Amino acid sequence: MNPLLYVIAVPFILGVLCFIPGKVRYIREAITFLGTAFGFTLSLLIFLDMPMEWSRFGSVLLKVDHLSGFTLLAAGFFTLFIALYSFRYMKDTLYPARYYGCILWTFAATAGALMANHLLLLLVFWGFLGITLYLLVLTGGDAAAPAARKSLAVIGGTDALMLLGIILIYQLSSTFQIDGISLHFNSLAAYTAFFTLLLGAFAKAGVMPMHTWIPDVSEHAPIPVTAFLPASLDKLLGIYLMIRMCFGMFAMNASVNLVLLIVGSITILASVSMALMQNDFRRLLAYCAISQVGYMVLGIGTGLALGLMAALFHMINHMLYKTCLFFTAGSVKQQTGSNSFADLGGLGRLMPWTFVSFLIAAFAVSGIPPLNGFVSKWMIYQSLLKLKDTGGSLWVIWLFAAMFGSGLTLASFMKLTHAVFLGTSPVKIVKAKIGESGFLIIFPMAFIAVLCVLFGIFAFSGPITLFLQPITAMLKPTISGVLPMPLYWSAGTATLLILAGLIIGFLIYLAGNLKNVREADSFTGGEELPVDTRVSGIGFYDTVRDLPVLGTLFKRAEAKWFDLYELGSNFAYSVGGLLKKAHTGLLNLYLLYILLGLIIFLILLMGR
Amino acid sequence: MIVFILAVLLFLVGLYGILVKRNIIKLAIGLIIMEYAVNLFFVLAGYREGGTAPILDGDLAPGTVFVDPLPQALVLTAIVIGLGTTALLVSFAVKIYEKYDTFDIRKIRKLHG
Amino acid sequence: MSLLLYFIIVPLGGAFLLPIISRLRESLSDWVGNAITALLLYCSVYGVITASGKTVTYFVGGWRPIADIPVGINLVMDGLSGLMLLIVNIVALLVTLYSVNYMARYTDKGKYYTLFLLMVAGLNGVILSGDLFNLFVFLEITAIASYALVAFGIEDEELEASFKYQVLGGTASALILLGIAVFYQTTGTLNLADASRVIAGIGHTPTVLFAGVLFMAGFCLKAALIPFHAWLPDAHPAAPAPISAMLSGVVIKVLGVYPLCRLFFNVYGITPLIQDIFMVLGVVSIILGVFLALSQWDFKRLLAYHSISQIGYVVLGIGLGTPLGILGGLFHLINHSVFKSLLFLNAGSVVYATDTRELKELGGLQRKMPVTGATSQVASFSIAGLPPFNGFWSKLIIIVACVQAGQMLFAVLAVIGSILTLLSFLKVQRYVFFDALKEKWKNVREVPFLMCVSMIVFALLCIGMGLLLLPQISAVTLKPAADVLYTGLEYATKVLGG
């Protein structure tokens, strides 16, 4: 049998095994570890052994090229780490069978979707992922039910639209083979096909306007689930599909790219502004995750090789630091039982490992050099600047959105850092004697944080040359994958300079402290503060609510005015309500309907 | 031809009954009228001008016209079926009266929407 | 004696014997009922395999056709009938299995099984009948049995539902019988195969078409297509759960869709106008049905409205008239039988455990009733068309067929219908199985073993039926059935030979 089949079948079968009823926790954990480790190892082997393919029924059904090999490897890596993290975090879950079974199924289906070279096969795996997401979210307990419903409604609904798009593609190019499709935007059908597929990718990746399920899910689902699907694998899949479409199946044109650029910019700005206003660790991270996808969409929307590379790199970086951030949120939740800012504060001293990992990831997401987030953002800025050469002056807007969004991200993480890790602890935490989490929580978190640093410092010699340049070279053979020199961000030198700067700063700090500095407790108006008074992060940026236009927009957004799911279901319910009025229960009326139908048939069939 | 029209008229009378009447017994009667109109129509469809009963009894003159026996057989069956449905319908009407205390279809509307 | 006769004689005989047997011992009726449906399933599997897609005709009483003109009653089993027999008897067996425990809530199981077997006899009869009047008689047998079964609980709502069902069903029967009369007067025959030849000779004259209008209205009423649907949302929820499963699962298809297909594809010969009517009826039913379903708060009523919507997909697919469309329509028909029966059985289990069907009163039952919950999730994903469950494949084929036939609008509407279906089943899942468990359901227990078995088998079918599309399997099941409709008027030759 072909190894490509093993990477799907083995985790899937192991996942089925997890559903066998039984009370022993370790067996399921062992199965899960086995499955994920196997998946990671095999995807590594496949990555080293590319290109590979598997044919049946006269067509190439599975195919691994540079792009799918790389994304498969990433998926394998993250699944393994999520599994490790879960063993500790999910040890008291009420639904161990469903949880571990679905983790393995998710990996199997993701692998299938990434390797599928047949559009229908892709759709089958893709749709199945919606189901596993639904079941995984439901492990969050009763409160997660509405969020689970919403996530499957959005994802399943867009899957149905994708089906339509796929059939249109088949109609236009008479093949389902992804590598055999090459469409031009010369008909309404081509546009419809592109945008229906794009909506599917948007829903998975969480691009506006299909993003609304993510904040709800991350608030209620268990944290490993949020870190696993909305924050990493679903992003991976969404961006993967977008790249397949924009750099393979469709020959892009300027207007479609413009749509992508607009959507990307709006996503960045709107959701980072929403992130600023959140008062829950996980919700803030979720909105921030949405805003980061905007960068990837911007990169793809440039249509340039550099933009593509930047988008891919940002995707992988985002998976790293966002998983790490969710892990820290999990660590905090594990120890304090809450993720709401009102209950948190001053954890930096109590949970140093968590704090440091968080800080690294937070700097990375805010695009602070020399961490990985900076490099990919820098590449995105560069690719946006490159748009200048192709004419038009709209690039200024995109660049502004990207950079301003980055600033706002930093601002939102300042709020988060203050509210959770700095400041004074609430009385409850002081009393509860919170400590650091266990090894199985810290290890994945810290390991990924270290990767964030490494991916930043050795960006060009490491991931970009190893993974990304072959992909770019494969997808755009005409444009060279090598970047022009001035664009290089010399990460090594910069890191040294930054380190030097930090050391000098620290020395100055020490020098200043040599003299005796007076320290005093905080006070207001000469009065000493009561013990339980503290400044939590809740009030940060609340003044925005009072601004004339923005404030109204915020209120509308919070009342779900812009939520397509809410709008859609309200509309459906009102139509249904109207139709229900036609069913009064009066028998004669029903007979009248029948008579009308009969008369219509008479007219239609006998009318000529 | 005129008999067919009369049968159709009878059918329409039944239709009028079920469309307009509010009393469930009258509704049942309307339905029965419809069924009988159809039965009548069916029998008439098998009638042949000047035909005799379709019974083989030996001394038939050549060229004798039979009425079509098939519709008669079928209508007999249909009548039996009609009997079954009518009995069920009426017994349910009685049961409904016991539960709802009314024959008025407008008041028998627990199921709607 | 031919195998075909068993399909009618066995359940009919069982129905006559059961009242006596159940006098001896109440529990015997369970055994007899299940044994008979199991035998029927065996017969249909055996029959489908031996026929392997060919047409089998049986002339009752040995009255063979004289000069190709049939003189007696004949039973015909071709690909389409074989498929329908298979699905009817599978559902019937699983439903009787479920009834063993479920119907213990009601008195007099003997009468229940009697009526049930009468219904099955009628269904098998409709499928096998080679002539129009026989079809009508069996249709009435099924209808009368189902009127009685709907009201089996004899409470006020059940009686009301059954009464309305009877009046509307009686209207349908009157229309169909009138159609038969007009048809007979014009063509001089009631044998479907013979009539097909006659119509091919005289063409679609106004009287033939008038009979067609009456048939269409009558059978659409039985199939509950909008605007002929009003009885269904009352009657299906009111019946005991196993009967709801039968009614929604197979009865509307056998009494409605199957005769429509037979008449208009095999006897009349399909025309673009009739196809258009089918497709429009289908799409209107899909969209209006699903909107109505979405805004229901009664579990079974919601399912009932979904039956209307799903039958719309079947009729849409068949109405396309292309080989792929017909295949998709028939595939969806059998898929719908499976997942809708399962959903009604799930609803029945919920009612069995809690005695309520109100979504807002339920909640959090997943942990208390894991089997019911899990199987209902399978069925919900199936009906919503999520891969890899069976509903996905049939909807996929129907939508592909729509696009290939150039009916973009219908394809889009079918997709929208599918999204709304998903939405409404997520609502069911949330309110019944996942929200917080209410205090009053703390002592709820999972339903008895046999009910679980029945639901699990249905769920496995939902997962596995996608395999029917594999070329080897579809060659003996779906393909012959679709061919029967696609080749249309060749039916006469196949049945009567020469």
Side-chain angles (χ1 to χ4, degrees), chain B residues 4 7-8 11 14-15 17-19 21 24 27-28 30-47 68 70-71 73-75 77-101 105 107-113, chain C residues 71 131-134 136-141 143-145 147-148 150-151 154-171 173-186 188-190 207 214 230-231 233-235 237-238 292 295-298 301 304-305:
Chain B
F4 285 114
V8 171
F11 186 84
L15 196 62
I18 58 172
L19 277 176
K21 290 297 166 194
I24 55 174
L27 275 169
L31 202 60
I32 297 163
I33 293 175
M34 266 166 68
E35 271 172 25
Y36 276 79
V38 174
N39 287 342
L40 193 58
F41 184 90
F42 211 159
V43 173
L44 288 171
Y47 180 70
D68 192 342
L70 193 63
L74 300 188
V75 164
T77 320
I79 288 171
V80 174
I81 293 171
L83 174 76
T85 46
T86 311
L88 202 60
L89 193 61
V90 174
S91 66
F92 278 14
V94 173
K95 278 277 180 195
I96 287 178
Y97 183 74
E98 284 172 10
K99 301 277 181 193
Y100 287 79
D101 267 337
I105 194 73
K107 291 181 185 136
I108 307 170
R109 279 166 61 175
K110 284 197 180 169
L111 300 170
H112 57 82
Chain C
V71 289
D131 76 273
L132 207 44
F133 191 77
N134 231 352
F136 174 74
V137 172
F138 283 121
L139 182 141
E140 282 295 281
I141 292 176
I144 294 174
Y147 299 151
V150 165
I154 355 182
E155 290 304 318
D156 41 5
E157 286 191 2
E158 285 139 17
L159 287 167
E160 178 190 339
S162 181
F163 186 83
K164 289 177 180 172
Y165 182 20
Q166 280 188 55
V167 172
L168 297 178
T171 314
S173 303
L175 290 174
I176 293 168
L177 191 60
L178 186 61
I180 292 175
V182 175
F183 190 83
Y184 180 73
Q185 202 190 9
T186 321
T189 178
L190 286 175
T207 34
L214 293 169
W231 57 273
D234 293 347
L292 279 159
S295 39
Q296 298 300 322
W297 288 100
D298 176 324
R301 204 173 169 82
Y305 273 116

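Proteins come first, then strands; the chains are lettered A, B, ... in the order of their sequence lines, and each starts at number 1. Quick caveat, the model's predicted, so the values are computed rather than measured.
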Heavy-atom proximity to chain C below 4.5 Å, by part of [X]:
X	value
B:Leu44	neither
B:Ile96	both
B:Leu31	side chain

Out of [options], return the one with the most heavy atom pairs under 4.5 angstrom to chain B.
options	result
C:Tyr305, C:Phe133, C:Phe136	C:Phe133
C:Ile154, C:Leu292, C:Asp234	C:Asp234
C:Leu190, C:Ile141, C:Ile144	C:Ile144
C:Gln296, C:Glu157, C:Lys164	C:Glu157

> At their closest point, which heavy atom of B:Leu111 faces which heavy atom of C:Ala161, and how far apart are they?
Replying inline: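 Shortest heavy-atom separation between B:Leu111 and C:Ala161 comes out as CD1-CB, 3.5 Å.
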
>> To check you understand the geometry: which heavy-atom pair defines the closest contact between B:Thr85 and C:Gln166, and what is its length?
In response: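 Residues B:Thr85 and C:Gln166, closest heavy atoms: O-OE1, 3.8 Å.
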
>> One pair to check against side-chain contact (heavy atoms from CB on, under 4.5 Å): C:Val182 and B:Phe4. What are the steps and the verdict?
In response: CA-CA 11 Å; C:Val182 175; B:Phe4 285 114; over 6 Å; no

> Most heavy-atom pairs under 4.5 angstrom with chain C, which of B:Ala78, B:Pro71, B:Gly84?
Replying inline: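 Ranked by contacts with chain C, first place is B:Pro71.
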
> Hey, what do you get for CZ (B:Phe11) to CG (C:Leu175), rounding to the nearest 0.5 Å?
Replying inline: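 These two atoms lie 5.0 Å from each other.
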
> Got B:Ile108 and C:Phe163 here, is their nearest side-chain heavy-atom distance under 4.5 Å?
Replying inline: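 Side-chain contact under 4.5 Å: no.
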
>> Any non-hydrogen side-chain atom of B:Glu35 less than 4.5 Å from a side-chain atom of C:Leu177?
In response: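 SC-SC contact between B:Glu35 and C:Leu177 ruled out.
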
> Are the side chain of C:Gln185 and the backbone of B:Ala45 linked by a donor-acceptor contact shorter than 3.5 Å?
Replying inline: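 Not at all, since once roles are kept as given, no pair shorter than 3.5 Å links the two residues.
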
> Partners of C:Tyr165 by ring pair (Phe, Tyr, Trp, His ring centres under 6.0 Å), sequence neighbours excluded?
Replying inline: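 Result, ring pair (Phe, Tyr, Trp, His ring centres under 6.0 Å) vs C:Tyr165: C:Tyr147, C:Trp231.
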
> Do C:Tyr184 and B:Asp68 pass the side-chain contact (heavy atoms from CB on, under 4.5 Å) test, and can you show the C-alpha distance, the side-chain angles, and the key distance before you say yes or no?
Replying inline: CA-CA 11 Å; C:Tyr184 180 73; B:Asp68 192 342; 2.2 Å; yes

> Which of these, B:Lys110, B:Lys99, B:Lys95, sits in a side chain to side chain donor-acceptor pair (under 3.5 Å) with C:Asp156?
Replying inline: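 With C:Asp156 as partner, side chain to side chain donor-acceptor pair (under 3.5 Å) holds for just one option, B:Lys110.
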
